[in-house]
Protein chains: 2
Amino acid sequence: MARTAAPGTRERILDVATALFYTEGVRAVGMSRIIGEVGCGKNLLYAQFPSKADLVTAYLDRFRERRDRAEEKALREAGDDPAERLVAVVAEIAGRLRRPDFRGCPFRNLLTEFPDGDEPPERRAREYLRETRELVGCLAGELGVTDPEGLADRIWLIIDGLYASGFRERAAAVAVDMAREAIAAAR
Amino acid sequence: MARTAAPGTRERILDVATALFYTEGVRAVGMSRIIGEVGCGKNLLYAQFPSKADLVTAYLDRFRERRDRAEEKALREAGDDPAERLVAVVAEIAGRLRRPDFRGCPFRNLLTEFPDGDEPPERRAREYLRETRELVGCLAGELGVTDPEGLADRIWLIIDGLYASGFRERAAAVAVDMAREAIAAAR
DNA sequence: GTCTATAAGGGGATAGAC
DNA sequence: GTCTATCCCCTTATAGAC
């Protein structure tokens with residue numbers, strides 16, 4: 001709120017929190033650990049994020065913003081062909097698996113750690129999954145196939161598989177082909 | 001060791017621990033909680049399982065035994081056709097999604113909670129994934145297709161997707177079809 | 001002797017106060 | 001930033017009940 005000085009502080013805290021939460025898990029990383037790695041005082045962090053849940057929520061929100069931008073970019077570059085747009089969504093995720101810091105989907109991971117919770121972080125995660133699934137459904141619908149929801153289910157299974165895969169290179173290599181085949185078969 | 005009486009105790013503890021670990025997560029469930037729900041004393045539990053890691057390991061081991069038996073049964077009933085055997089592996093997993101208590105793969109879930117660990121539980125989980133992937137590779141190899149490993153990658157992506165899916169009914173409905181199509185396309 | 005109940009150790013968690 | 005409060009974690013030890 002009344003924070004005028006040190007404009008980069010919030011981002012720096014979020015950077016550290018993101019790296020730790022994403023690579024080690026939310027439950028595994030304590031606030032003290034984050035404070036230590038940021039090198040700031042406790043006050044500063046709790047002034048920016050009153051509770052751990054707030055920090056986790058901010059972590060997910062930022063992840064989501066970046067992901068949404070990457071997705072929009074991929075869709076923009078895919079052009080107007082609905083099939084290519086659907087493939088682009090899968091390809092964008094597959095491309096992410098190849099980054100060395102990839103460690104699965106932060107939203108799915110969070111729900112594995114907090115399966116029953118209904119706090120803002122869990123809500124964010126479920127929201128993300130629901131909306132992304134809807135996007136796939138919409139794109140499939142634009143194709144004009146006989147069973148758009150069946151196609152969307154297949155694409156979604158591929159996406160789920162990509163995020164869950166422990167064999168990233170191999171998964172990334174086949175996912176796009178499988179998506180194309182599913183689209184071709186639906187026609 | 002010198003435990004002769006109360007033969008059902010160990011199983012009862014394991015039953016409670018399994019239900020809690022699987023549905024709520026290993027990190028989320030404390031030993032005190034398990035002791036409370038079993039209704040036994042602390043000593044008894046620690047006599048059977050000297051540490052939480054031992055209990056978690058036993059939980060995974062028992063899960064694995066049952067899963068292996070189910071898999072063997074599915075393979076037995078599938079007969080000798082390699083394609084049907086491969087489909088049977090996918091179908092067996094898809095069938096599991098339909099159970100109300102399904103909450104994903106306990107091994108994958110554990111690795112999400114403990115991504116970097118190298119203790120017995122994490123070893124069990126990685127071992128299971130490696131061996132199951134090898135089984136899929138073997139079954140694909142028996143098909144005599146030109147690219148058995150590529151086919152195995154596809155089947156494995158479907159399996160990963162099944163376990164990760166938040167839309168279980170829909171995933172289960174399309175997974176077997178996708179597996180059949182992948183096999184047909186590989187020929 | 002087997003089990004329960006309880007207390008306590010040592011650590012780390014979140015969070016608040018100064 | 002340091003210091004404290006409160007809580008829960010895993011684990012061990014002690015004491016009592018059947």
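None of these values were measured; they are calculated from a predicted model. Within every chain, numbering begins at 1; the chains are lettered A, B, ... in the order of the sequence lines, protein sequences first and strands thereafter.
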Between Tyr46(B) and Gly39(A), the residue closer to the 5' end of DNA chain D by nearest nucleotide is Gly39(A)
Return no unless some side-chain N or O of Ser32(B) is found under 4.0 Å from OP1 or OP2 of dC9(D).
-> yes
May I ask you to check whether over 12 heavy atoms, not counting those of Asp118(B), lie within 6.0 Å of atom CG?
-> yes
Between CG of Leu45(B) and C1' of dT12(D) the distance, given in whole Å, is 14 Å
Angle class for the Phe63(B)/Phe107(B) ring planes (parallel below 30°, perpendicular above 60°, tilted otherwise)?
-> perpendicular
Write down the distance between CD (Gln48(B)) and C1' (dC3(C)), rounded to a whole number of angstrom.
-> 12 Å
Classify the ring geometry between Phe167(B) and Trp156(A) as parallel (under 30°), tilted (30 to 60°) or perpendicular (over 60°).
-> perpendicular
Does any N or O donor sit under 3.5 Å from an N or O acceptor when you compare the side chain of Asn43(B) with the base of dT6(C)?
-> no
Please state how far atom CG in Leu44(B) lies from atom P in dT2(C), giving the value in whole angstrom units.
-> 11 Å
Expressed in angstrom and rounded to an integer, what is the separation of Leu55(A) atom CG from dA13(C) atom C1'?
-> 15 Å
Report which part of the nucleic acid Gly36(B) touches: base, sugar-phosphate, or nothing (heavy-atom distance under 4.0 Å, all strands).
-> nothing
For the base of dT11(D), is there a side-chain donor-acceptor partner from Lys42(B) under 3.5 Å away?
-> yes
Let me know the distance between NZ of Lys52(B) and C1' of dG11(C), rounded to the nearest Å.
-> 15 Å
Between C1' of dT12(D) and CZ of Phe49(B), the distance in whole Å | 18 Å
Linking I/L/V/M/F/W/Y whenever any side-chain heavy atoms sit under 4.5 Å apart, do Tyr59(A) and Leu44(A) land together?
-> no
Starting at atom CD1 of Ile34(A), determine the distance to atom P of dG12(C), rounded to an integer number of angstrom.
-> 16 Å
